[in-house]
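Order of the sequence lines fixes the chain letters, A, B, ..., with proteins taken first and strands second; residue numbering starts at 1 for each chain.
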There are 2 protein chains.
Amino acid sequence: MTDTPGRLLTLLSLLQTPREWPGSELAERLQVSPRTIRRDIDRLRELGYPVEATRGPEGGYRLTAGAAMPPLLLDDEEAVAIAVGLRTAAGHAVEGIEEASVRALAKLIQVLPSRLRHRVAALNAATVPVLPGDGPRIDPEDLAVIAAAVAARERLRFDYRAGDGAETRRQVEPHRLVSYGRRWYLVCYDPDRTDWRIFRVDRLSHPQRTGLRFDPRELPAGDAAAYVADKLAGRTTVHRAVVTLHAPYERLAARLGTAAGQLEEIDEHRCRLVSRADSVEWLGARLAMVGCEFEVHEPPELVAYLHELAGRVGRSVEAARGR
Amino acid sequence: MTDTPGRLLTLLSLLQTPREWPGSELAERLQVSPRTIRRDIDRLRELGYPVEATRGPEGGYRLTAGAAMPPLLLDDEEAVAIAVGLRTAAGHAVEGIEEASVRALAKLIQVLPSRLRHRVAALNAATVPVLPGDGPRIDPEDLAVIAAAVAARERLRFDYRAGDGAETRRQVEPHRLVSYGRRWYLVCYDPDRTDWRIFRVDRLSHPQRTGLRFDPRELPAGDAAAYVADKLAGRTTVHRAVVTLHAPYERLAARLGTAAGQLEEIDEHRCRLVSRADSVEWLGARLAMVGCEFEVHEPPELVAYLHELAGRVGRSVEAARGR
DNA sequence: TCGATTGCGGCCAGGATCCGACCTATACGG
DNA sequence: CCGTATAGGTCGGATCCTGGCCGCAATCGA
């Protein structure tokens, strides 16, 4: 069996392990002569993979960071870990990379062996929703299907539940998937209505690729993200919370991160936080988690929610405290 | 330039795109004849990558799910998304895959171009801690460094802050990284003390690979995870919460997931939940998030914490409610 | 300072392999 | 029914790959 390309792939995967491989060990492992290993290393370098070598005893080869990403060779467990990690990130765990997460997830799912797919699904079922009151959940798997259809330029079929509750079945030309204000939107051209439409992904179910290719038309507005922002301006309710937190600035900055909102120092014991989100539950949970005394100034909905939360939590311990 | 193995790698990356590639297009792109493309596809199939083909017009090749993971070819943004996703997962977002996440992260970081590394760091700084009171945070990057040292069989140097506050500088032979009870532990042999030691990763700072290789010795206890569990038995305080939740079983099951603990139905309006965690803050936050009325029976620490929480949240809205 | 170990690259010869060209079969859509 | 796509066979010639040999350079430890 003299399978050169296969050997190169194996070599690449071995070198990806964070350790050094002496040429002799690689030769034995791949059942070829050390000379061939040297030649293979040369080949990899010519292909642009930065293989570094240290000479002398205890020396060896390893793959280092270069200009471009080498192909990642993963074992089963690592692939599952990445899939699960992406599924959480594709929600709104980290702002700014939602779209890339979904693309990567689509790529991964396409080639993920089915036995691993089951493990991913099982692990995901066991995952705790991080925040309450987050509105209808979307399945990251659905997002991946949509992203794949966008990339493949295939028509997409799905059921849509409009704002007034009417259910319709649609078949559209998906153009782009946009994450905006903690929600996902699909920008697409609807051939039945002969016009561009924006669908909320959380109101869409059973997306299916049809296999029907289409020639992508040009979006009138140029950029899809701007298009969504423009169309939705004023239609989404955003809650703006203004809070005084009784804790030093450094502690809060470390605690909240930069995504929480604008944090300003009032004096050495207090800070003012302005935070925006689309649900008061989310705002409330964040505040309750900070762990210091605080005062809420706005909005009234948040005050009402926190009042209710305090009552609920207070009642939960009354019996145990013997009152 | 007739570089067969390189062409195969390129082909693999092209086929990973979620779209179909007609043989003629591939031939033109790779500067070979269509016949060679067919042969290459054959080769890939022999290597175990399931290339599927649809015949007829609009047909083409694409890579589907098979028995093994093919090498993943990622663009910059996708690589960053995966790194960020893994960093969160390597915390304790999902139980059961922490170790695999760290391994995958170590592998990724090793080959991640430096310009992307900066983006990952920047995004991570903006990440919001998901849960409060989680004790000292661990930098997933540190975990990756440790995992790399374990895989490379290199000695590891770090500063350690013992339970009594004493700071020491250590150099050890890292053996394995174990995740146990929502904490990370490093099992290693300490040559200075000539004995096996377990270090808590959250108390360890500035881990550095030394480049000094060592021959791994055999752990007396066989399995590292069992060793940690054995040594730590009784030393970690585990809080066991018993709670009655006033909501139907189905709603709670969907809300809590399976990892929350044992959930039993009392009647159609109430359930009993037994949940374990190492911090009452964590338990308390989870309960407050459920969004229904509940009663806490045990433990007293949790009752005290929730009482404090209710007071804090209640006080935060007093001014706003004009009382 | 010296020796051992490891990577680096050139050379050569034999043999396996790859490529392109040509052909036919088959499946799918219009 | 035709055009286009994949699928696969065969063949000859060019190419490339492998393994063995060599001397050289770098590095580490004794």
Side-chain angles (χ1 to χ4, degrees), chain A residues 1-12 14-15 19-47 49-64 152-155 209-215, chain B residues 1-12 14-15 19-47 49-64 152-155 209-215:
Chain A
M1 175 179 120
T2 65
D3 183 17
T4 320
R7 198 183 53 235
L8 276 185
L9 280 172
T10 316
L11 193 54
L12 211 48
L14 288 176
L15 291 177
R19 58 163 286 197
E20 295 222 322
W21 295 89
S24 55
E25 191 173 343
L26 291 173
E28 197 189 345
R29 209 161 163 131
L30 300 177
Q31 295 287 311
V32 288
S33 77
R35 184 69 188 88
T36 304
I37 292 294
R38 284 206 291 280
R39 260 192 284 254
D40 285 351
I41 298 283
D42 269 358
R43 263 192 285 258
L44 287 180
R45 285 179 180 150
E46 266 168 35
L47 287 173
Y49 302 116
V51 182
E52 224 173 59
T54 42
R55 323 174 81 127
E58 296 288 296
Y61 299 96
R62 75 182 174 285
L63 195 63
T64 64
R153 300 167 179 185
E154 272 180 26
R155 283 202 182 180
R209 296 174 61 171
T210 58
L212 299 172
R213 294 269 273 285
F214 66 91
D215 279 330
Chain B
M1 176 179 125
T2 66
D3 183 17
T4 318
R7 197 182 55 235
L8 277 185
L9 282 175
T10 316
L11 193 54
L12 212 49
L14 288 177
L15 291 177
R19 58 164 284 197
E20 299 221 322
W21 295 88
S24 56
E25 192 172 344
L26 292 174
E28 198 190 344
R29 213 165 161 126
L30 301 177
Q31 295 286 312
V32 287
S33 79
R35 184 68 187 89
T36 305
I37 292 293
R38 285 204 289 279
R39 259 192 285 255
D40 286 350
I41 299 283
D42 268 357
R43 261 193 286 261
L44 287 181
R45 285 180 179 148
E46 267 167 35
L47 285 173
Y49 303 115
V51 182
E52 223 172 59
T54 43
R55 322 175 80 126
E58 293 288 298
Y61 299 97
R62 75 180 175 284
L63 195 62
T64 64
R153 300 166 179 184
E154 273 180 25
R155 284 202 180 179
R209 296 174 60 170
T210 59
L212 299 172
R213 292 270 271 287
F214 66 91
D215 279 330

For [X] and [N], what is the distance between atoms [atom1] and [atom2] respectively, to the nearest whole Å?
{"X": "B:Leu11", "N": "C:dC19", "atom1": "CG", "atom2": "P", "result": "12 Å"}
{"X": "A:Leu30", "N": "D:dG19", "atom1": "CG", "atom2": "C1'", "result": "15 Å"}
{"X": "B:Glu25", "N": "D:dT6", "atom1": "CD", "atom2": "P", "result": "10 Å"}
{"X": "B:Arg7", "N": "C:dT17", "atom1": "CZ", "atom2": "P", "result": "16 Å"}
{"X": "B:Trp21", "N": "D:dT6", "atom1": "CH2", "atom2": "P", "result": "13 Å"}
{"X": "B:Arg43", "N": "C:dT17", "atom1": "CZ", "atom2": "C1'", "result": "9 Å"}
{"X": "A:Arg62", "N": "C:dG7", "atom1": "CZ", "atom2": "C1'", "result": "13 Å"}
{"X": "A:Glu46", "N": "D:dC16", "atom1": "CD", "atom2": "C1'", "result": "13 Å"}

B:Ser33 side chain near C:dC19 phosphate (N/O to OP1/OP2, under 4.0 Å): no
Would you indicate, yes or no, if D:dG19 has its OP1 or OP2 atom less than 4.0 angstrom from a side-chain nitrogen or oxygen of A:Thr36? yes
Measure across [X] and [Y] and return the closest heavy-atom pair with its distance rounded to 0.1 Å.
{"X": "B:Trp21", "Y": "B:Leu14", "result": "NE1-O, 2.7 Å"}
{"X": "B:Arg155", "Y": "B:Thr210", "result": "O-OG1, 2.7 Å"}
{"X": "B:Ala152", "Y": "B:Arg209", "result": "CB-NH2, 3.4 Å"}

Just the table, please: protein N/O against nucleotides 7-12 of chain D N/O, every pair under 3.5 Å.
residue : atom : partner : partner atom : Å
D:dA7   : OP1  : B:Arg45 : NH2          : 3.2
D:dA7   : OP2  : B:Tyr61 : OH           : 2.6
D:dA7   : O4'  : B:Arg55 : NH2          : 3.3
D:dA7   : N7   : B:Arg38 : NE           : 3.4
D:dG8   : N7   : B:Arg38 : NE           : 3.4
D:dG8   : O6   : B:Arg38 : NH2          : 2.9
D:dG9   : N7   : B:Arg35 : NH2          : 3.4
D:dG9   : O6   : B:Arg35 : NE           : 2.9

For a side-chain contact (heavy atoms from CB on, under 4.5 Å) check, start with the C-alpha distance between A:Leu8 and B:Leu9, then their side-chain angles and the critical distance, and finish with the verdict. CA-CA 9 Å; A:Leu8 276 185; B:Leu9 282 175; 5.6 Å; no
Under 6.0 Å from the CZ atom of A:Arg153, do we count more than 12 heavy atoms belonging to anything else shown? no
I'd like to know if A:Arg43 and A:Asp40 make a salt bridge, using a cut-off of under 4.0 Å between side-chain N and carboxylate O. yes
Side-chain donor-acceptor pairs under 3.5 Å in residues 25-34 of chain B, sequence neighbours left out?
residue : atom : partner : partner atom : Å
B:Gln31 : NE2  : B:Glu28 : O            : 3.2
B:Ser33 : OG   : B:Arg35 : N            : 3.4
B:Ser33 : OG   : B:Thr36 : N            : 3.3
B:Ser33 : OG   : B:Thr36 : OG1          : 3.2

The helix from C:dT1-D:dA30 to C:dG30-D:dC1: angle between terminal helix axes, five bp per end, to the nearest 10 degrees, reads 60°
Between B:Tyr61 and B:Leu44, does a side-chain contact (heavy atoms from CB on, under 4.5 Å) hold up when you go through it step by step? CA-CA 12 Å; B:Tyr61 299 97; B:Leu44 287 181; over 6 Å; no
Roughly how far, to the nearest 0.5 Å, is CZ of A:Arg45 from CG of A:Leu63? 10.5 Å
